[in-house]
Amino acid sequence: MTHEVETLTDLPYGNAAGYLLFLDLYRPEPMPAQPLPVIVYLHGGMWRRGDKALSSDPFLAQTGRYIVASINYRRSDQAIFPAQLHDAKAAVRWLRANAQKLGIDPTRIGVWGHDAGGHLASLLGVTGHVADLEGNNGSAASSVQAVVAVAAPSDLSQLGDWHDEPDSPESLLVGGALPTRSELVQQANPLSYLDQPAPPFLLIHGEHDQTVPISQSLILQQALQAANAEVELLRLPEAEHNFGPNSPYLQQINQQILAFFDRVLQA
């Protein structure tokens with residue numbers, strides 16, 4: 001059954017160094033009596049562009065089982081890392097603080113992102129215990145219970161080649177050529193935070209991705225397994241980096257994401 005969806009746009013969730021932060025909320029209609037899990041969606045765009053406006057239907061909300069929050073965060077030309085993670089955490093905290101009013105179950109928050117958004121989703125999953133990365137917006141917990149990262153970088157230091165150039169998206173994220181910004185590069189590495197338990201992860205990656213090689217998901221998969229975290233990797237044999245509305249893989253990806261969130265958040 002496909003539900004109608006109520007869309008609430010441009011809800012302010014924080015103020016970061018003068019930048020107002022907004023999210024769009026998608027809720028099934030009618031809303032059930034019991035609170036629903038919320039999925040925070042983080043758009044891609046190499047931390048430099050992109051927008052919270054969804055490029056496809058909010059299929060998770062259409063199931064009637066989820067609320068979806070699609071957020072904007074500061075671009076790398078507005079602030080360098082960890083500003084983007086601070087903003088994502090602020091969104092999680094705002095949703096948790098306003099859970100009762102919005103019909104959200106604050107104990108069931110998932111995150112999902114593609115490309116740069118997947119990188120931030122991974123960091124959200126593993127840094128709920130890291131006080132230095134919380135930022136200054138809100139006081140509720142920023143921990144999440146499930147992570148989906150699609151075609152996402154995980155270890156910037158192992159990208160190599162043109163990614164190390166000063167004008168690469170990764171270098172612009174940390175404010176300088178990657179080899180010269182090793183401290184921030186490690187701070188932006190989800191592998192740096194696996195000393196504490198991590199939530200379940202679903203990684204999705206195309207084997208023909210020339211923008212972010214599939215080795216980035218393999219690195220994260222192996223690190224999560226070594227830390228005894230639950231992780232699954234969906235490899236798409238012929239897929240490249242992007243999965244727009246016309247992608248032949250979109251339905252498979254969406255089905256896998258829905259099955260993962262159902263298993264982890266609907267138990």
- Query: Once the angle between the rings of F59 and W112 is folded into 0 to 90°, is it parallel (under 30°), tilted (30 to 60°) or perpendicular (over 60°)?
  - Reply: perpendicular
- Message: I80: which residues meet the side chain to side chain contact (heavy atoms under 4.5 Å, CB included) condition with it, sequence neighbours left out?
- Response: R181, L184
- Note on the structure: Between S168 and W162 the two heavy atoms that sit nearest each other are CB-O, 3.5 Å
- Item | Heavy-atom side-chain contact between Y249 and I204 under 4.5 Å | no
- Query: side chain to side chain contact (heavy atoms under 4.5 Å, CB included) with S217: which residues, sequence neighbours excluded?
  - Reply: L203, H205, L233
- Task: Without swapping roles, check the side chain of Y66 against the backbone of F261 for a donor-acceptor pair under 3.5 Å.
- Result: yes
- Under the side chain to side chain contact (heavy atoms under 4.5 Å, CB included) test, residues paired with N72 that sit two or more places apart: H43, D51, K52
- Query: How would you list, by chain and number, every residue that makes a side chain to side chain contact (heavy atoms under 4.5 Å, CB included) with T180, sequence neighbours excluded?
  - Reply: A177
- Item | Hydrophobic cluster membership, L11 vs I67, 4.5 Å side-chain cutoff | yes
Tell me which donor-acceptor pairs under 3.5 Å the side chains of residues 140-154 have, and how far apart each pair is, sequence neighbours excluded?
unit_1: S142; atom_1: OG; unit_2: K89; atom_2: NZ; d: 3.0
unit_1: S142; atom_1: OG; unit_2: E134; atom_2: OE1; d: 3.1
unit_1: S142; atom_1: OG; unit_2: E134; atom_2: OE2; d: 2.9
unit_1: Q145; atom_1: OE1; unit_2: I109; atom_2: N; d: 2.9
unit_1: S154; atom_1: OG; unit_2: Q216; atom_2: O; d: 2.6

- Provide the full list of salt bridge (charged side-chain N to carboxylate O under 4.0 Å, His left out) pairs with a residue in residues 26-37, sequence neighbours left out, each pair given once. E6-R27
- Would a distance-only check, ignoring hydrogens and angles, find a side-chain to backbone donor-acceptor pair under 3.5 Å from Y13 to V92? no
- Of the non-hydrogen atoms in I214 and G206, which two are nearest, and what is the gap between them? CB-O, 3.9 Å
- Find out if a path of hydrophobic residues (ILVMFWY) with successive side-chain heavy-atom gaps under 4.5 Å connects L173 to V212. no
- Output the distance between atom OG (S122) and atom CG (L224), rounded to the nearest 0.5 Å. 8.0 Å
- Message: Show me the pairs that pass salt bridge (charged side-chain N to carboxylate O under 4.0 Å, His left out) and involve residues 218-242, at least two apart or across chains.
- Response: E207-R235, E230-R263, E232-R263
- For the residue pair L54 and S70, what are the closest heavy atoms and their distance? CD2-OG, 3.7 Å
- Message: Walk me through whether F81 and L156 qualify under side chain to side chain contact (heavy atoms under 4.5 Å, CB included).
- Response: CA-CA 13 Å; F81 187 86; L156 306 186; over 6 Å; no
- Residues at least two apart in sequence or cross-chain that pass side chain to side chain donor-acceptor pair (under 3.5 Å) with H114, listed by chain then number, are none
- Message: Looking at every heavy atom in both P190 and V126, which two are closest together, and how far apart are they?
- Response: O-CG2, 3.7 Å
- In L23, L20, D24, L25, the residue satisfying side chain to side chain contact (heavy atoms under 4.5 Å, CB included) with D10 is D24
- Enumerate the residue pairs fulfilling salt bridge (charged side-chain N to carboxylate O under 4.0 Å, His left out) with a member in residues 63-82, sequence neighbours excluded, ordered by first and then second residue. R65-D262, R74-D87, R75-D77
- Query: Can you tell me if CG on D195 sees more than 12 non-hydrogen neighbours from other groups inside 6.0 Å?
  - Reply: yes
- Query: NE2 of H3 to CE of M31: how many Å apart, nearest 0.5 Å?
  - Reply: 11.5 Å
- Query: Can you find a heavy atom in the side chain of N189 that is under 4.5 Å from one in the side chain of Q186?
  - Reply: yes
- Partner set under salt bridge (charged side-chain N to carboxylate O under 4.0 Å, His left out) for D105, not counting sequence neighbours: R108
- Query: So, for Y41 and G113, which heavy atoms are closest and what is the spacing to 0.1 Å?
  - Reply: CE1-CA, 4.4 Å
- Item | Spacing of CD belonging to E4 relative to CD belonging to Q62, to within rounding of 0.5 Å | 8.5 Å
- Pairs flagged by salt bridge (charged side-chain N to carboxylate O under 4.0 Å, His left out) wherever residues 148-176 is involved - sequence neighbours left out: none
- Note on the structure: Output for pair (R48 CZ, S76 OG), nearest 0.5 Å, gives 4.0 Å
- Query: Is there a chain of hydrophobic side chains (I, L, V, M, F, W, Y, each step under 4.5 Å between heavy atoms) that links L123 to F201?
  - Reply: yes
- Query: Out of curiosity, does L191 fall in the hydrophobic cluster containing L124 (side-chain heavy atoms, cut-off under 4.5 Å, transitive links)?
  - Reply: yes
- Under the side chain to side chain contact (heavy atoms under 4.5 Å, CB included) rule, what do Q252 and L236 come out as? Steps first, then yes or no, please. CA-CA 10 Å; Q252 180 184 2; L236 302 170; 3.7 Å; yes
- Query: Is it true that atom CZ of R49 has more than 12 heavy atoms of other residues, nucleotides or ligands lying nearer than 6.0 Å?
  - Reply: no
- Message: Distance check, rounded to the nearest 0.5 Å: T127 atom OG1 versus H129 atom NE2?
- Response: 7.5 Å
- Between Q187 and L85, is a side chain to side chain contact (heavy atoms under 4.5 Å, CB included) present by the stated rule, with each step listed? CA-CA 11 Å; Q187 196 177 44; L85 181 58; over 6 Å; no
- Would you check if the side chain of S171 reaches a backbone N or O of L178 as a donor-acceptor pair within less than 3.5 Å? yes
- Message: Assigning hydrophobic clusters by single linkage (Ile, Leu, Val, Met, Phe, Trp, Tyr; side-chain heavy-atom cutoff under 4.5 Å), is V111 placed with W47?
- Response: yes
- Item | Contacts of type side chain to side chain donor-acceptor pair (under 3.5 Å), residue N15, not counting sequence neighbours | none
- At what distance, to the nearest 0.5 angstrom, does CG of N137 lie from CH2 of W94? 12.5 Å
- Counting distance only, does the side-chain N/O of N98 pair as donor-acceptor with the main-chain N or O of K101 below 3.5 Å? no
- Item | Non-hydrogen atoms of A88 and I71 that approach each other most closely | CA-CD1, 3.8 Å
- Task: Run the numbers on I39 and L265 for side chain to side chain contact (heavy atoms under 4.5 Å, CB included), then give the verdict.
- Result: CA-CA 10 Å; I39 307 300; L265 297 179; 3.6 Å; yes
